[in-house]
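Below: one structure, written as structure tokens.
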Amino acid sequence: MNDLWGIVENLVIKYHSGKIKPYKYSYLNEFWGKILNMDIDLVIFRAPSGIGKTEAILAPFLAQYLDIIERSWLSLVYVLPTKSLVNAMFWRISKHVDDLGLWGKVIVTLDYGEPTLIKPYLEGDIVITTYDTLIYTIYGLRSWGRHYRLPLGKLSTSLIVMDEVQLLQDINWFTPRILISHLKTLLRLGSKIVLMSATIPDVIVEDIRKELERGGRYNVDVINVYEEARRGELSVEVRDLRDSKRSDKSVRKTILNIIKDALSNGLSKVLVVMNTVGRASNIFQYLRNSLRDTNIILLHSRLRRNVRKERELKIRNFKKLILVSTQVIEAGLDYNFDLIVTDASPIDSLIQRLGRVARRVGDKGKAYIIIDDDGIESSNAIYGPFMSKALEMLSASNITKELSKAVKSISSTALINKQYSRELIKETSKHTHNVVSNIKGLIEGFIGNVFEAYNDRIQSTLLNYLVRLGIELRVFYPEGIIKEKINELLTKSDNELQHRDLSILNIIHNNMLSLSISVRSKTLFTLPESAIKPIIFDIGNMKYIICVDITQEKEDNKKKKVIKFRKITITDKGVKLAEIKPSMYYALNPMYYEFLGSEDLGLIKLR
């Protein structure tokens with residue numbers, strides 16, 4: 001195992017230009033032993049943030065190319081919840097590969113279903129992808145036709161790393177239940193799987209073991225790292241502003257005063273995290289007006305791709321910065337803050353947020369958790385009964401000390417288990433039991449019917465919910481020639497318009513943003529108009545959605561790719577879900593995308 005530690009040591013020193021000396025945690029030998037044990041099918045790895053999980057998992061895979069160990073896997077598929085995390089991990093791993101002199105020998109790719117002319121479909125020695133892309137690729141539900149055999153063959157010889165698993169938890173406890181069926185598919189293909197997180201509750205671990213170990217079919221092992229991560233000290237304070245006469249005004253003033261005090265005491269990097277895009281935008285504008293000489297950046301998931309990428313790069317260039325963000329900041333951003341002011345949220349979410357502060361040994365950080373009436377009301381729609389439980393836990397006298405410790409150690413598991421008790425999960429998930437059972441049945445029957453298409457209407461509709469009880473639409477802000485084409489289509493009686501200049505894909509790519517649409521289990525087959533307002537265009541008495549698809553057509557006996565703009569009519573009943581395809585790209589109505597002068601605020605209001 002010393003050779004593997006040598007790889008980690010090399011990666012850390014070169015990545016940080018020698019400024020950080022790597023520390024050898026005692027968990028590493030056990031971890032590597034179980035990763036390399038081919039009798040173990042799935043490893044659940046619980047360890048605090050900042051303890052070197054990424055380098056630890058890379059070491060045995062890259063060791064194959066350095067002739068240190070025999071080859072166990074043909075590829076590594078590294079899976080993350082968000083595209084921004086995928087981008088960050090792609091550059092991080094690419095640098096690691098280059099630092100070991102393996103560039104060109106080890107091919108690193110990223111794949112998250114973008115509108116590009118060449119799609120790798122999980123190809124590469126190391127591929128970094130999202131959960132959505134991995135899952136929809138497995139079952140052949142990608143644009144430009146279905147592709148079963150290529151990704152399935154690849155996955156059968158791969159090490160699959162599923163990182164930041166905690167971000168998949170949802171208000172209905174839908175995804176954690178569905179995830180187990182996807183794990184079964186991968187294991188049946190012959191993949192080896194590692195699930196990693198600092199905050200996986202016991203209920204998920206227990207359910208995975210129960211389902212997968214039944215009948216001795218699969219061997220699941222759990223590694224709990226109780227060592228403390230080497231990082232700074234963090235003090236936590238809860239500010240309860242409930243029953244204030246003007247809750248929104250009180251919150252803004254409180255946050256402003258906290259930040260002013262911090263800046264006057266020499267702190268330079270401040271993080272503000274709000275639970276909704278609307279609250280984040282309001283706080284950002286208030287701080288911008290109040291602190292005109294300070295660099296203030298707004299970051300959330302509903303910003304155009306090129307704008308968000310530019311801001312993520314800017315963050316690293318400012319010595320003095322206030323970053324206002326949402327949950328997107330909870331994982332993956334390699335940036336060290338001095339102070340955080342955050343909305344109250346479920347305990348695991350709070351631990352992830354607090355982990356953005358005092359990340360280096362010797363640092364001293366401060367965290368303020370804000371509780372207010374308006375914040376609770378808006379947060380209930382996101383977290384449901386888990387929010388009520390979090391508020392109850394935040395009222396405990398020792399909670400601030402426990403949260404301070406939780407950032408360094410997974411001793412916080414007791415807190416997380418209290419947040420996600422089996423009784424609470426049973427209550428919040430009872431309304432989706434039937435749809436979960438149906439989808440699990442489809443997933444678990446997939447391998448036996450791998451060459452059959454899902455043609456049945458009910459099945460094809462349920463396949464929209466392979467990841468979550470809702471739809472993640474690929475939406476883009478129309479500008480330039482795309483805006484012209486959409487206006488042309490809206491004024492014509494035709495429902496389709498073709499375009500052969502594929503360069504417009506770059507415009508779509510740069511202007512894409514995330515739009516999540518929640519659905520109820522009773523309305524799985526139709527989306528009401530109110531759920532898709534930002535992508536509806538009103539023309540006279542008619543209402544339309546504009547989607548863009550990339551297809552192949554024969555021309556002079558050759559297959560050529562064609563971009564098609566399509567117009568879908570919205571009826572009084574809404575739009576049938578069968579018409580909404582995850583593989584397509586949907587035009588955002590520009591009136592819903594907001595600016596502050598020339599600066600993007602993003603898609604704020606959804607209704």
Side-chain angles (χ1 to χ4, degrees), residues 49 80-88 164 166-167 234 251-252 254-256 258-259 262-263 267-288 290-291 294-318 320-346 348-359 365-370 372 374-375 378-379 382-383 407 513-516 593-594 596 599-606:
S49 297
L80 291 154
T82 67
K83 293 173 184 176
S84 60
L85 289 177
V86 166
N87 280 320
E164 307 292 1
Q166 77 284 345
L167 293 181
L234 178 68
V251 169
R252 288 184 302 189
T254 298
I255 293 175
L256 177 61
I258 289 172
I259 292 174
L263 295 178
L267 300 186
S268 59
K269 296 169 184 175
V270 176
L271 174 62
V272 180
V273 185
M274 299 285 103
N275 288 342
T276 66
V277 172
R279 273 172 71 87
S281 175
N282 288 336
I283 290 294
F284 167 76
Q285 293 180 70
Y286 180 75
L287 293 176
R288 172 63 65 84
S290 304
L291 301 168
T294 306
N295 298 309
I296 305 175
I297 292 179
L298 175 66
L299 190 67
H300 57 78
S301 63
R302 299 208 296 263
L303 288 164
R304 293 186 290 168
R305 168 76 44 74
N306 57 342
V307 172
R308 182 170 169 180
K309 184 177 180 180
E310 180 185 340
R311 291 182 185 178
E312 287 176 349
L313 291 173
K314 271 186 178 180
I315 291 170
R316 305 178 187 282
N317 297 328
F318 292 130
K320 191 173 184 179
L321 167 72
I322 299 172
L323 176 63
V324 182
S325 186
T326 58
Q327 294 90 330
V328 298
I329 205 72
E330 287 182 13
L333 183 68
D334 188 16
Y335 193 86
N336 189 23
F337 292 92
D338 304 312
L339 168 75
I340 181 172
V341 184
T342 175
D343 271 338
S345 66
D348 58 325
S349 171
L350 281 177
I351 293 170
Q352 294 289 337
R353 296 179 190 187
L354 302 187
R356 303 299 100 195
V357 179
R359 303 183 70 193
K366 181 72 177 179
Y368 292 90
I369 301 169
I370 304 295
D372 69 290
D374 288 347
S378 59
S379 300
I382 303 170
Y383 300 115
V407 175
L513 56 118
S514 175
L515 179 59
S516 299
Y593 195 88
E594 299 182 28
L596 181 64
E599 190 169 5
D600 291 49
L601 292 177
L603 175 58
I604 308 298
K605 297 177 181 177
L606 301 180

Look at the side chain of N295 and the backbone N and O of L321, then say whether any donor-acceptor pair between them is shorter than 3.5 Å.
no
Considering residues at least two apart in sequence or located in another chain, which fulfil the side-chain hydrogen bond (donor to acceptor under 3.5 Å, both in side chains) criterion with Q166?
E164, S197
I want to check something: taking the side chain as every heavy atom from C-beta on, are E599 and L298 in contact at a cut-off of under 4.5 Å?
no
Full working for side chain to side chain contact (heavy atoms under 4.5 Å, CB included) between L256 and L291:
CA-CA 9 Å; L256 177 61; L291 301 168; 3.9 Å; yes
Flag, side chain of R302 to backbone of I604, donor-acceptor distance under 3.5 Å:
yes
What is the distance from atom OG1 of T326 to atom CG of L299, rounded to the nearest 0.5 Å?
7.0 Å
Nearest 0.5 angstrom please: L313 CG to R311 CZ, how far?
12.5 Å
With L596, which residues qualify under side chain to side chain contact (heavy atoms under 4.5 Å, CB included), at least two apart?
F284, Q285, L601
Check whether any side-chain heavy atom of F337 lies under 4.5 Å from a side-chain heavy atom of L267, and answer yes or no.
no
To the closest 0.5 Å, what do you measure between OG (S378) and CG (D372)?
7.5 Å
In the structure I gave you, are the side-chain heavy atoms of L515 and L603 within less than 4.5 Å of one another anywhere?
yes
Who are the side chain to side chain contact (heavy atoms under 4.5 Å, CB included) partners of T254, not counting sequence neighbours?
R239, L241, S250, I258, I370
Do you know which of I329, L323, I369, V273 makes side chain to side chain contact (heavy atoms under 4.5 Å, CB included) with I340?
V273
Measure across V324 and L287 and return the closest heavy-atom pair with its distance rounded to 0.1 Å.
CG2-CD1, 4.0 Å
Contact summary for N275 and S379, nearest pair of heavy atoms
ND2-OG, 2.7 Å
Sequence-distant partners of S290, side-chain hydrogen bond (donor to acceptor under 3.5 Å, both in side chains), two or more places apart:
none
Taken in chain and number order and not counting sequence neighbours, the residues that satisfy side chain to side chain contact (heavy atoms under 4.5 Å, CB included) with A358 are D363
In the structure I gave you, are the side-chain heavy atoms of I255 and I283 within less than 4.5 Å of one another anywhere?
yes
Given side chains that start at C-beta, do those of M274 and N282 come closer than 4.5 Å, heavy atoms only?
no
In chain order, what residues pass the side-chain hydrogen bond (donor to acceptor under 3.5 Å, both in side chains) check against R308, with sequence neighbours excluded?
S84, E312
Provide the closest heavy-atom pair for R316 versus Y335 in the form atom of the first, atom of the second, distance.
CA-CE1, 3.9 Å
Does E310 have any salt bridge (Lys or Arg N to Asp or Glu O under 4.0 Å) partners at least two apart in sequence or in another chain, and if so, which?
K314
Would you please name every residue forming a salt bridge (Lys or Arg N to Asp or Glu O under 4.0 Å) with D343, sequence neighbours left out?
R279
What distance separates T342 OG1 from L271 CG, expressed to the nearest 0.5 Å?
7.5 Å
Hey, is the main chain of P346 close enough, under 3.5 Å, to the side chain of Y383 for a donor-acceptor pair?
no
Min side-chain heavy-atom separation L303-L513 under 4.5 Å:
no
Can you tell me how far apart CG (L234) and CZ (R356) are? Round to the nearest 0.5 Å.
12.0 Å
Are any non-hydrogen side-chain atoms of S268 and D338 less than 4.5 angstrom apart?
yes
Kindly indicate, with the supporting measurements, whether the criterion side chain to side chain contact (heavy atoms under 4.5 Å, CB included) is fulfilled by V328 and T82.
CA-CA 8 Å; V328 298; T82 67; 5.9 Å; no
Could you tell me if the side chain of V270 sits less than 4.5 Å from the side chain of T294, heavy atoms only?
no
Partners meeting side-chain hydrogen bond (donor to acceptor under 3.5 Å, both in side chains) with S349 (sequence neighbours left out)
E330, S345, R353
Across all chains, not counting sequence neighbours, the salt bridge (Lys or Arg N to Asp or Glu O under 4.0 Å) partners of K366 are E237
Y593: what forms a ring-ring contact (aromatic ring centres under 6.0 Å, His included) with it, not counting sequence neighbours?
Y477, F595
Check step by step if side chain to side chain contact (heavy atoms under 4.5 Å, CB included) holds for Q327 and Q352.
CA-CA 9 Å; Q327 294 90 330; Q352 294 289 337; over 6 Å; no
Hits for side chain to side chain contact (heavy atoms under 4.5 Å, CB included) against K309, two or more places apart or cross-chain, chain-then-number order -> none
Donor-acceptor contact below 3.5 Å, side chain R288 vs main chain I296
yes
